[in-house]
Every structure is written in structure tokens, then in C-alpha cells.
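Below is one structure, written out as C-alpha cells; comments come after it.
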There are 2 protein chains.
Amino acid sequence: MELSERKQKILAAIVETYIRTGEPVGSKSLMDVLPMKVSSATIRNEMAELVSLGLLEQPHTSAGRVPSHAGYRYYIDHLMGTRELDAESRRKIEAAIGSTGDPEELLSKAGEALADLTNCAAVSTTPTGESAKIRRIEVVPVGSRTAMLVLLTSGGLLKSRICRADTVITVPLLERFYNVTSTQLVGRPLSDVHTTAMQTLAASLGADAFSLLPFLAGVAELARDAAQTDIRLDGQTNLLGYRELEENAYELMEFLRNGEPLNALISNNKDDVQVLIGKENKYRQLERSSLILARYSVGGEESGTLGVIGPTRLDYAKLIPSVRYLTDLVGRLLTRSVRDEE
Amino acid sequence: MELSERKQKILAAIVETYIRTGEPVGSKSLMDVLPMKVSSATIRNEMAELVSLGLLEQPHTSAGRVPSHAGYRYYIDHLMGTRELDAESRRKIEAAIGSTGDPEELLSKAGEALADLTNCAAVSTTPTGESAKIRRIEVVPVGSRTAMLVLLTSGGLLKSRICRADTVITVPLLERFYNVTSTQLVGRPLSDVHTTAMQTLAASLGADAFSLLPFLAGVAELARDAAQTDIRLDGQTNLLGYRELEENAYELMEFLRNGEPLNALISNNKDDVQVLIGKENKYRQLERSSLILARYSVGGEESGTLGVIGPTRLDYAKLIPSVRYLTDLVGRLLTRSVRDEE
DNA sequence: AGTTAGCACTCTTTTTACCCGAGTGCTAAC
DNA sequence: GTTAGCACTCGGGTAAAAAGAGTGCTAACT
């Protein structure tokens, strides 16, 4: 769609002031904002055309204009300067993330930082473990019948859980367990290590089958945990501050808390950075919200997603670079820590 | 304070219907609820006296009555039957909690269950580790320069973290570490193992000091983590459903998210079950809310707190037993798992 | 032909006025 | 001590009126 330069300037000005104020913007107030000097009547004419092009909407006849979804789209794709993220914000992000070797902790910090920085809700998913393999399994006895299982994946993910055995744990039993796991499980992809596979494995162990089964089952659960990308949500409360979301606040919160549909949205995201504006997503509860989602990659492989959720009138020009910067950073850090552990 | 039997019945009826409806209750509607048959005029007289006693309030001259804080207090202390928790709810709680050996997981499940059951926000704190000792320290190398540290406390708490060393990790180094930790650290109270102590310890290790310091520092951090009671909050969104809290929803959420002041309230709680009604606590943000807090004990020792936060018109008669039941259950389960691990 | 001033018109928001009803407090009778 | 009766109060709801913001259109201007 070709737009005259003046129309572009007007559209941009409307989007930006609407983002700032949240109120429909009228022709008069635009005069002060626009770089050129034209009368309000001229602006009105232009605005009328922008409406018929579908880029603006009016809530009602005698109100100012509000960007339509298409209007935001156009703004994002053509008008918005791709500002670099300012040093200030970058510093904040880096300070907030700190340095950890633990991917889950890293992601959780990244989520919090993002929510803080953007004053929106932040979603984050842990790196997918789909292609990951088991790198190591450890048992740490913590009682006569309980032990902690530790699973380390090739992706650097570490999972542990406490496991209660039916029999007293003896040294030979542990040795047998190490034996079995290191020959049969280490190096196998996570998806191979499911509960039924463990049952057959246990069955082949003869006398120890009964004693070892709880541990093997525990390993299966850890593998499942590790393979599953879990989805975090931070800063939901930030959303309560936006007037336009207030009305459906409860519904929105519940929707986000559920996680299922969010997951669907996220796994749909094939682009580098994806922006979903208002009704562009299929969920009624999100029709007043926008999402900015970006993938991060670990070791050159697309791996997880970070993003923000806020009202439709997000400050895209600032947030898109923020999200992009953060995903880059997270990707780099995770890649480094995986390399380091190999 | 002595109240005639009729006044007691009237107060109880007002509290109960107000809890149910959330609307000020008038003399006429009380006639239907009260067990005895008296005219509305009589009830009005009694209500007027209850107002001057400070047990009821009226929002404005021509409205019904609403219980004051003192009214709730009186109701809770004298009028409310201590119903046993019904089997249904007990079953739900037990099912939701399941069985884990991990205290943190247990608490988190308990919190969720409580929030679900009561339709309020639930707070929970992990068992205090103040008097706990280090029972075991393990290192699991996960890369050439990284390892996972595992700390087990006498309270059954398990903490782990990834730790990056400055030098390549060698077997002799690990042996040295085991040696040092098992002789110097295991058995010591958590509070002894702080960062500066670790620095002095490292300094005494001669050549290995430099290589082992990161691990010892890691142990110190784990000890700090384990000693610190962290505070969880579940089901905040439930609070959005209450009309009377809607107005300050954002403020309330932020207040709860912060955690600091909640912590203060909780650690103030010396009673078995403590009920804080509206302004009885000093925080402005909670003046429209009530808290029910109860301690659980592990191995006969007061240890942590569970509780709910909701609007002032909580169904105390149901919730107090719920919270009490849950704390008992959590206490029992934790005690059992600690015993088991010894 | 594009731009602008002017103005009538539209639609929302705010204000004002009003009535209604729920509920009270009081008085006087039971 | 209890109850019926009644005047009174005050918030909530509704309708009408006024205010305001902004538009769309026309006619004049450059």
C-alpha cells in the first residue's frame, strides 16, 4: 500500500500519540505534534482517507481517531524507526540477568527483567529439550529409603527430584543402578526414556527389578520434565495498570495463568520476531492485547521464546528492540554455557 | 463483653448473611433468617445497640448494617461454631497434595490447594532452617569447569546450584573438596557457613585455595538459601473476583507481590491460628482484607506458616478449619519425611 | 487543485434534577 | 419489653439538559 509522505507522517503521529495517551486523537491536537504546519481541516481530510483505507478507526462519529490493527501493522512495518535499544536499558537488562549457569534461573531472571523494563507481562519458555540427550545421571542417597536423582541433559538442563524407594538403599544397589543407567540410558534421547521403557528395562534386571523400579521411574519423570518446555509468566500484575484491560482483568489473568493457549501461540511463532496485534490472534481474551514474541537460539538452533504481552497500544518502537536484544543475549549466554559444559 | 442471647443470635445472623451476600443487611431480611420470631422493630432496636457497642456499622444512615472489625472478632471468638472440615474438602486437599519427599514441592502444592479450595490468595512459607544443620554436600561435575553443588540439610531441604570454577576441575580437586567439606562443614549449623567463613576456610587450604573458593562460596550461597524461609503466594488472581477489592486491585497485587511486608506479618504470628481482620493489621493496602494464618510444626518445632488472604467478609467458619487442617497435614507429612531421611 | 476558515451537526460525557425505595429512628399503643 | 405505624434520610436509578470534543461539509482563498 502506497501512502503519500504526509499521510505517513500523520499516521505515525496518530499511532505515537495514541500509544502515549491512550485517548483517541483529534485533528487539532495533531497540529502541535506534526512537523509541518497545516490546518486541522487538512488533517481531517487526510484522516478521513486513512479511515477509508482501513488504517484508522473512530470509536464513534464525533471522536478522534484510533489506529486500527492494520494501522499498527503499517506503522510497525514501514514507519517505525528501528531504534537501537538505548545503553541505559541494555545496562539494566544485563545487570538484572547477572550470570548463572542454570538455564532455568537465567530464563526466570530474563522474564522478570523484561516485565520490569516494559511494564507488561513477560512470557518465557525454557529451551526445548526435544533433541536433547541424557548426559549424566546421579543418585545422592539422603536417607535409608530416599535418594535424590539428578539428571543432566546435553542442553545443559539440570533436573532433580527426591525419590522414595520401597526397600532400603544399599551400596550394591546403587552400583547396579549406576551400571544400568550409564550403559542403557546415558546418551539416549530424552524421549526414549519414558515410563513404559523403564518398566521393561526394570523387568530385565532380575532380582533387583523391584528395588530399582522406583528410581528408574524417577528418571523417566525427570526426562519428561526436562523434555517439556515449560512456560513462565512474569509481571501479570503490570497489566492491571492499563485502563483498557481493566474491564476484563480477571478473565485475562485467568487466561494467562492457564498457559495452554499461550503455549499454542508461542509454538506457532516461526518468525524471528513476531508481533501479534489485537485480534490478529484467535483468542477472545487477548483481543485487546498485543504480543511481541521472539525466539532465541542455543548453539545455532531455534530453541525457546521470550516475549511480552500488553495492551494493543504498546510502544512497539521501543519494545521490539528490547525483546530482540534480550533474546539475543539469552541465546548467547545459553550457548556459551552449553559449550562450556561439553 | 456480655451479650444477651438474642443479640448474639442477631449478630451471628448479620455476619453470616453479610458474608454470603456482601450487601448490608437490614432488619426485615433478618426476620426470615432468625430462628425466633420477632418483629423488625425489635431487631432494629437490638441492632442500634449493637452499633453503639461497636459491633456493627452502617455505611450510611439509611442502609442496613455491616459487621465491624470488632463484630467479626466477637463472631469468631464466641459465636462461630467450630465446624469440622467436611470429608469432601479433606479429600480434595489430600488429593491435591499427593505425596512428595520434597518440602518445597509439598508447600507449593499445599499453597495451590488452599488457594483453590478457598478461592482466596494463599501464602505459604517453607520450613525455617534456622536451627538446621548441613547433613550432606555433593558435587556433580557437569563440564570441564562447571559442577552442580547439592546441599542437604537436617530438615530434609535439598538445594542445588550450578557453580562455575576458574580452573579445570580434576579428580584430586574433587577429593580435596569432599575431604574439606565432610570434615569442616557437614554437621555444622547453616548459619555458620557464610561467605566470610568460607573465605577463611579457603585461605587455609594452601595451593588449592584458589580452585576451591568458587565451590565453597557456592556452598555458602546454598546454605543461605536453605536457611532463608521463602514465601510463596498462590492464587492472587482469585482476589480479582471480589467486588470490594476491585478498586485497589492493582495496589493490592503489588503489595502482595513485594512480599516484604507479608513476611513481617507472618513472622509476627506467634499463635496457633491467627486471624487478622481488616485494619487490625497495619498495612493500608490490606485494610479491606483479612488474613488467616496458621503455623505448622515439623518434628514438634514451630516451623512455617500457611494462610489465606481474602476480603474481610471471609467465611471464617469454614476457612479457619481448612487452614488448620492443612497446616496439620503439612506438618505431619514433613515430620514423616524428615524422620524417614534420618 | 489543494488548503483553510467557518459552522452546523453528531455523539459522548457531565451535570442537574428528580423520584423511588430500602431502611432507619422514634413514638405511641399493646 | 414488644410491636405497629410513620416521618425522615440517603443512596441509586433515570431522564432531561448542558457542555465539550471533534467531525464533515461548504465556500472562500492561494
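No hydrogens, no waters, no symmetry mates; every other heavy atom, side chains included, goes into these values. Reminder, nothing fancy here: chain letters follow the sequence lines and each chain counts from 1.
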Restricting both atoms to N or O, compile the protein contacts to nucleotides 21-23 of chain D shorter than 3.5 Å, with distance only.
unit_1, atom_1, unit_2, atom_2, d
D/dG22, O4', A/Ser62, O, 3.4
D/dT23, OP1, A/Ser27, N, 3.4
D/dT23, OP1, A/Arg65, NH1, 3.3
D/dT23, OP2, A/Ser27, N, 3.4
D/dT23, OP2, A/Ser27, OG, 2.7
D/dT23, O5', A/Arg65, NH1, 3.4

Using heavy atoms and a sub-4.0 Å distance, could you list which residues of residues 6-14 of chain A are near DNA chain C? By number, please. A/Arg6

Looking at every non-hydrogen atom in both residues, tell me the closest pair between A/Leu265 and A/Leu293 and how far apart they are. O-CD1, 4.3 Å

Residue pair B/Glu244 / B/Thr312, side-chain donor-acceptor N/O under 3.5 Å: no

What's the CG-P distance between B/Asn45 and D/dT3, to the nearest Å? 10 Å

What nucleotide, of C/dA5, D/dG11, D/dT3, holds the atom closest to the side chain of B/His60? D/dG11

So, A/Thr305 side chain and A/Thr125 main chain: donor-acceptor pair closer than 3.5 Å or not? no

Any strand: nucleotide that pairs with D/dT9 via Watson-Crick or wobble, under 3.5 Å: C/dA22

Any strand is fair game: report the nucleotide pairing with C/dA17 by Watson-Crick or G-U wobble, both distances under 3.5 Å, or none. D/dT14

Could you tell me if B/Tyr75 and B/Glu16 have a donor-acceptor pair between their side chains, going purely by distance under 3.5 Å? yes

From CD1 of B/Ile43 across to C1' of C/dG23 the rounded distance in Å is 13 Å

What pair of heavy atoms forms the shortest contact from A/Leu117 to A/Ser322, and how long is it? CD2-OG, 3.9 Å

Determine the minimum heavy-atom distance between B/Asn238 and B/Ala115, stating which atoms define it. ND2-O, 3.1 Å

Separation of B/Glu23 atom CD from C/dG21 atom C1', in whole Å? 14 Å

Counting only Watson-Crick pairs (N1-N3 plus N6-O4 or O6-N4) and G-U wobbles (N1-O2, O6-N3), all under 3.5 Å, who is the partner of D/dG1? C/dC30

Where A/Met80 and A/Ile320 come nearest, the two heavy atoms and their spacing: CE-CD1, 4.0 Å

Integer-rounded Å distance: C/dT4 P and A/Leu34 CG: 12 Å

Give me, pair by pair, the N or O atoms of the protein and of nucleotides 28-30 of chain C that are less than 3.5 Å apart, along with how far apart they are.
none

Euclidean distance, atom CD of residue B/Glu46 to atom P of C/dG23 [Å, nearest integer]: 19 Å

Heavy-atom pair of closest approach, residues B/Tyr283 and B/Ala264: OH-CB, 3.7 Å

Does the B/Ser68 side chain pair with the main chain of B/Gly54, one donor and one acceptor, at a distance under 3.5 Å? yes

Ring center gap for A/Tyr316 and A/Tyr72 short of 6.0 angstrom: yes

C/dA5 C1' sits how many Å from A/Met31 CE, rounded? 11 Å

Interatomic distance where NZ belongs to A/Lys37 and C1' belongs to D/dT30 [whole Å]: 13 Å

With nearest nucleotide decided by heavy atoms, which residue, B/Ser40 or B/Pro59, maps closer to the 5′ end of DNA chain D? B/Ser40

Out of curiosity, A/Ile292 CD1 to A/Ile309 CD1, how far, rounded to the nearest 0.5 Å? 10.5 Å

Regarding A/Tyr325 and A/Glu84, do their side chains bring together a donor and an acceptor under 3.5 Å, going by distance alone? no

